[in-house]
Amino acid sequence: MTAEMIAGELAATTRKHDWRLLVGGELVPARSGATFSDPSPVTGAVIATVPDADATDVDAAVQAARAAFPAWAATPLPERVAAVREIANRVRTHAAELGALDTLDGGNIARLARADAVSGAAMLDFFADSAHALTGQTIPASEGAVHYTTLQPIGVVARIVPYNHPIMFAAGKIAAPLIAGNCVLLKPPHQAPLSALRLGELIAHLVPPGVVSILTGAGPATGEAIVRHPQIRRIAFIGSAPTGQKIQEAAAQTGIKDVSLELGGKNALLAFPDADPVEVAEAAVRGMNFTWSGQSCGSTSRLVVHRSLHDRVVAEVVARISAMRIGDPFDETTDVGALVSQDQYAKVLRYLDIARGEGARVAVGGTPVEGDALIVPPTVFTGVTPGMRIAQEEVFGPLLSVIPFDTEEEAIAIANGVEYGLTAAVWTNDVRRAHRVAAAVEAGYVWINGSSRHYVGTPFGGVKSSGLGREECVEELLSFTETKAVHLAYR
Ligand code: NAD
């Protein structure tokens with residue numbers, strides 16, 4: 001079957017399918033009956049009609065969650081662990097199907113979209129494995145008494161996730177709340193909601209009704225209703241910095257709420273003169289996540305390279321990009337697929353113009369691929385200076401800016417001279433410089449002689465406008481608990 005046929009057949013199925021929310025253990029339409037059309041960035045056609053949940057649906061999910069909470073919180077930990085492992089197994093078994101939905105719905109290339117489903121399952125397993133971290137302490141605070149702490153679940157918590165890794169986030173991000181004993185409302189992205197809704201079908205009966213709810217919506221309203229709901233006091237958000245700021249504001253207006261934020265980045269890869277230019281080029285291409293069309297928060301979208309390496313590194317980067325296969329994301333040999341939506345495509349085209357207008361030069365790419373799919377090829381800009389918008393603002397597209405430097409101080413100043421602080425990569429063979437620079441860069445996740453890769457179990461998250469809190473680690477699990485101190489007098 002050709003890639004085009006796979007897309008066509010899948011779209012015929014998704015169009016006919018009755019997509020439903022998961023609320024109170026049931027698959028239901030939005031109470032108002034409202035729906036929205038979900039277009040594919042691969043074919044350009046509408047591929048599904050999706051429920052548009054409003055505040056009434058959110059409240060129904062919250063009430064079902066509140067009803068389910070006491071029993072779920074009291075469920076012995078091994079049983080919660082078993083349920084989460086069951087969810088992981090179900091996701092793994094259906095990885096091909098879930099990945100294909102993401103490819104059609106979000107444009108990610110087939111082999112990586114499948115891998116995303118497997119990563120989501122791995123994250124579920126990681127938190128099942130980490131359940132033993134839910135322990136308290138005893139503290140010798142006074143004589144004749146025992147002072148101890150317990151970690152208690154919070155209650156009804158929310159997970160609002162973005163579009164770039166739809167199934168990985170939908171599956172993986174419900175794990176920590178569930179293991180900790182919470183009931184969770186998941187809000188998938190409107191651009192690519194199908195894999196999360198399919199997840200709802202697959203897991204509806206693996207946990208008691210109300211423990212997991214999945215609510216899709218056409219725009220910000222569904223997420224806003226979740227954030228403003230008075231009985232949701234813990235909101236874990238992954239998305240853009242402007243939305244994160246709105247969420248903090250809305251949360252503060254409606255209660256005392258615990259908000260964690262995993263936001264955007266304008267991350268730097270710093271290449272020092274002693275680094276191998278070929279290795280740097282490989283790391284820069286990998287670090288830019290061109291295989292996700294650059295739509296990854298951790299992408300090192302600024303290649304800050306010592307002037308002595310500049311030309312060689314740029315030539316190697318261009319050679320590697322020129323060898324990438326760009327096109328149909330369903331084709332198993334494709335390396336770069338489509339951007340998620342018309343809006344995101346238009347934004348990336350706008351930044352191509354902005355960069356050119358600022359005087360940056362295109363070393364490779366720069367012209368969108370013709371056809372139905374929303375494809376911008378990997379693009380490298382040289383002649384970029386640190387103050388340009390292309391060097392300051394998150395594009396979330398396949399645009400890499402190369403910025404030369406002369407001294408270590410200058411390199412650090414460039415790296416830190418942006419609003420964001422998510423990741424950074426340091427390339428050098430000088431061990432002192434490596435640690436010095438890693439300590440000096442304002443970022444939450446730093447690779448020395450590496451890029452792009454996430455290591456499950458190590459804390460991921462940002463500083464400055466890149467967010468608050470850490471995920472993919474035990475800290476994420478603990479962030480869904482409250483500490484209670486108990487004092488027992490025995491004298
Ligand atoms: P976005 O902020 O537009 O939307 C994210 C989610 O929030 C979606 O589900 C959306 O429907 C919802 N939402 C939108 N407005 C809302 C509101 N007012 N209240 C509540 N919810 C609302 O982000 P996006 O465009 O989907 O994703 C791209 C962004 O996500 C980039 O900035 C990227 O860097 C970031 N991101 C960060 C991480 C991380 O771990 N730090 C990971 C992936 C993506």
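In what follows, residues are counted from 1 in the order of the sequence shown. Read the numbers this way: they start at 1 and go in the same order the structure lists the ligands and their atoms. Just so it is clear, the structure is predicted and the values come from calculations on it, not from any experiment.
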Can you list the atoms of ligand 1 that are under 4.0 Å from a heavy atom of Gly223? 19 (N), 20 (C), 21 (N)
Pick whichever of Gly264, Gly239, Pro189, Pro162 has a heavy atom sitting closest to atom 35 (C) of ligand 1. Gly239
Exercise check, heavy-atom protein proximity under 4.0 Å to atom 4 (O) of ligand 1: no
Worked check of ring-ring contact (aromatic ring centres under 6.0 Å, His included) between Phe460 and His454: CA-CA 8 Å; Phe460 185 83; His454 287 218; 4.2 Å; yes
With under 30° as parallel and over 60° as perpendicular, where do the rings of His165 and Phe169 fit, or are they tilted in between? perpendicular
Starting from atom 28 (C) of ligand 1, find the nearest protein heavy-atom neighbour and note its residue, name and distance. Phe396 CE2, 3.5 Å
Protein contact to atom 10 (C) of ligand 1 [nearest heavy atom, distance to 0.1 Å]: Lys187 NZ, 3.9 Å
Report the part of Ile238 (side chain from C-beta onward, or backbone N, CA, C, O) that has a heavy atom under 4.0 Å from ligand 1; answer both or neither where that applies. both
In this structure, OG1 of Thr254 is separated from NE2 of His229 (nearest 0.5 Å) by 10.5 Å
Looking only at protein heavy atoms, identify the closest one to atom 32 (O) of ligand 1 and say how far it is in Å. Glu394 OE1, 2.6 Å
Below 4.0 angstrom from a heavy atom of Pro188, which ligand 1 atoms are there? Numbered from 1 as shown, please. 9 (O)
If the contact criterion is a heavy-atom separation under 4.0 Å, does Ser466 count as touching ligand 1? no
With heavy atoms only and a cut-off of under 4.0 Å, state how Thr222 meets ligand 1: side chain, backbone, both or neither. neither
From CA spacing to verdict: side chain to side chain donor-acceptor pair (under 3.5 Å), Asn289, Ser299: CA-CA 6 Å; Asn289 297 303; Ser299 298; 3.1 Å; yes
Among protein heavy atoms, which lies nearest atom 25 (O) of ligand 1, and at what distance? Tyr163 CE2, 3.4 Å
Atom 9 (O) of ligand 1: closest protein heavy atom, distance to 0.1 Å, is Val161 O, 2.8 Å
Apply side chain to side chain contact (heavy atoms under 4.5 Å, CB included) to the pair Ile235 and Val157, showing each step before the final yes or no. CA-CA 6 Å; Ile235 300 141; Val157 304; over 6 Å; no
For Glu472 and Tyr455, test the side chains for any donor-to-acceptor distance below 3.5 angstrom and give the result as yes or no. no
Name the closest protein heavy atom to atom 41 (N) of ligand 1, giving the residue it belongs to and the distance to 0.1 Å. Leu263 O, 2.8 Å
Closest non-hydrogen protein atom to atom 40 (O) of ligand 1, residue and atom name please, with distance? Glu262 OE1, 3.3 Å
With a 4.0 Å cut-off, would you call Arg198 and Glu201 a salt bridge? yes
Judged by modelled atom types alone, do Asp54 and Thr56 share a side-chain donor-acceptor pair under 3.5 Å? yes
Charged N-O contact under 4.0 Å between Glu442 and Lys464: yes
Could you name the option among Ala251, Gly219, Cys297 that has the heavy atom nearest to atom 39 (C) of ligand 1? Cys297
Considering heavy atoms of the protein only, find what lies nearest to atom 12 (C) of ligand 1 and give residue, atom and distance to 0.1 Å. Ile160 CG2, 3.7 Å
Applying side-chain contact (heavy atoms from CB on, under 4.5 Å) between Arg470 and each of Ser260, Pro459, Ser479, report the one that passes. Pro459
As an exercise, identify every atom of ligand 1 less than 4.0 angstrom from a heavy atom of Phe169. 42 (C), 43 (C)
Looking at Ile235, Val227, Thr243, Asn164, the heavy atom closest to atom 22 (C) of ligand 1 belongs to Thr243
Do the charged groups of Asp125 and Arg85 touch, with an N to O distance under 4.0 Å? yes
Logged contact type for Ala241 with ligand 1, heavy-atom cut-off 4.0 Å, is neither
Hey, mind stepping through Gln191 and Ser341 against side chain to side chain donor-acceptor pair (under 3.5 Å) and telling me if it holds? CA-CA 7 Å; Gln191 300 95 330; Ser341 65; 5.1 Å; no
